[in-house]
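Down below is the structure, laid out as structure tokens.
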Amino acid sequence: MDNEVSFWEQDSFLKPYDLIVVGAGIVGLSSALFYKQSHPDTRVAVLERGFLPQGASTRNAGFACVGSVGEHLADMDKESEANIKKRIRRRYEGLKLLKSTLGEKEIGYEHCGGYEFFRSEEDFNNVAPHIDQFNRWMFELVDEEEVYEARKLQDYPVIYNRLEGALHPGKMMQTLAQKASRAGVEIKWNTTVDSIAKDGTVHLEGDYSCEANQVLVAANGFVPKLLPEIDIRPARGLLFVTDNIPNLKWKGIFHHDRGYVYFRNIDDRLLIGGARNLDKSAEQTDKFGENTTIKNYLTNFASNVLKLPDDWQIDRQWSGIMGFTSTKTPVITQLDTHRFVAAGLSGMGIAIGMDVGRKAAGKLQ
Ligand SMILES: Cc1cc2nc3c(=O)[nH]c(=O)nc-3n(C[C@H](O)[C@H](O)[C@H](O)COP(=O)(O)OP(=O)(O)OC[C@H]3O[C@@H](n4cnc5c(N)ncnc54)[C@H](O)[C@@H]3O)c2cc1C
């Protein structure tokens, strides 16, 4: 039974929407923005369960990347070359779209370059012979020459990627939310969707419901809770930022172990995260929280491999939830007459999130 709703409320706030988007992450807000821009006379709402976005888009590491040689090599064991090439091009084009839509300054973008970091010459030698091959790919795919280059950094072997950079996920999402609001999208925070009926009725926690001609579910790792038929697995990621470490020598963004571990410098603080491969089944969860094995690994890595000074401390720690498909390719699909899904960003949402939102908006009427 619905809450008691007045005639006036039903005739204003609760009038049927043309589009309701579930989830105010990068995909949800981008899809609402692009839809509203191409259909200015429609009524569009984004419903978000949190007071802030509460998934991955404001809780990630802020790496704007196209992928490392080690990651591409690891993917070649599991996927066709065509798939990997498509993904690389998608990331490259997706980053251009993000920067041109929101503005580099507004999202705190810094073109610092990316480094694939190796703990030993032996690990490096397993990957480095493929640099030329992936440089040829990059030229063929995105017309960029000599993208990857072997270097030495603080005595460790690295592969530099000149296309990558870092951004501020909070600023990125704030700018996106403001742009969507200005375009006329209603963003409703603290609004949890309980279920979505086939006729487009969206049932909310607290007994309210609203109607929409089209409902797009952009809840990424939380999609299975609303639509169990969609094959997306949640995956948790842990991050922490240290206190200030004067003259912290690591500058740029760094990937390690096929991208599972990552770190960067934020104004002389180290941000480090990942390593969910150490306990993959425990991390296949949509609950925020800490895994002690992973935290210990990251702490030891910071102390012993990156050689932070003895007295470093964690200033802030948090986790975020991703959504993975079995192929790392996002799902952008129409389920039935009124319901659509855009989710399963599989760990690289900054690069592809806005483009996934734009593609999803293109599927709507
Ligand atoms: C720790 C970590 C580090 C990462 N680092 C990077 C990185 O450096 N670079 C990169 O490219 N990618 C990174 N990612 C991945 C990237 O952040 C994601 O791929 C991307 O943000 C996913 O965007 P999304 O909009 O699909 O999902 P989300 O941002 O998760 O948005 C989904 C939203 O749906 C909401 N929601 C869920 N259920 C409901 C409901 N029932 N009712 C209402 N709202 C609901 C959630 O609260 C959430 O806000 C990282 C992810 C994590 C977790």
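Order of appearance sets the numbers: ligands from 1, and atoms from 1 within every ligand. Side chains included, hydrogens not; waters and symmetry mates left out as well; all remaining heavy atoms used.
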Looking only at protein heavy atoms, which one is nearest to [atom], and what is the separation?
| atom | value |
| --- | --- |
| atom 27 (O) of ligand 1 | N220 CB, 3.2 Å |
| atom 28 (P) of ligand 1 | A56 N, 3.7 Å |
| atom 39 (C) of ligand 1 | R49 CD, 3.8 Å |

Is there a nitrogen or oxygen of [X] sitting under 3.5 Å from a nitrogen or oxygen of ligand 1?
| X | answer |
| --- | --- |
| A24 | no |
| L226 | no |
| I350 | yes |
| S346 | no |
| V193 | yes |
| S57 | yes |
| L345 | no |
| G237 | no |

May I ask whether A343 has any heavy atom positioned less than 4.0 angstrom from an atom of ligand 1?
no

Whether I352 lies under 4.0 Å from ligand 1, heavy atom
no

Decide whether [X] and [Y] meet the rule of one side-chain donor and one side-chain acceptor closer than 3.5 Å.
| X | Y | value |
| --- | --- | --- |
| N291 | D279 | yes |
| Y17 | E186 | yes |
| Q154 | K307 | no |
| Q365 | Q214 | no |
| E122 | N125 | no |
| N135 | E145 | no |
| Y148 | H72 | yes |

Side chain, backbone, both or neither: which part of [X] has a heavy atom under 4.0 Å from ligand 1?
| X | value |
| --- | --- |
| R59 | backbone |
| T58 | neither |
| F63 | both |
| A218 | backbone |
| L47 | backbone |

Residue selection (non-hydrogen contact nearest [atom]) among [options]:
| atom | options | result |
| --- | --- | --- |
| atom 52 (C) of ligand 1 | E48, R236, M173, M322 | M322 |
| atom 24 (P) of ligand 1 | V27, L95, L239 | V27 |
| atom 6 (C) of ligand 1 | N60, D194, L52 | N60 |
| atom 34 (O) of ligand 1 | G55, G23, G62 | G23 |

On the six-membered ring of F222, is R49 placed so that its NZ or CZ lies under 6.0 angstrom from the centre and within 45° of the ring axis?
yes

Cationic tip of R59 above F288 ring, under 6.0 Å, 45° of axis
yes

Salt bridge present between R236 and E283 (N-O < 4.0 angstrom):
yes

Nearest heavy-atom neighbours spanning S57 and I26:
OG-N, 2.9 Å

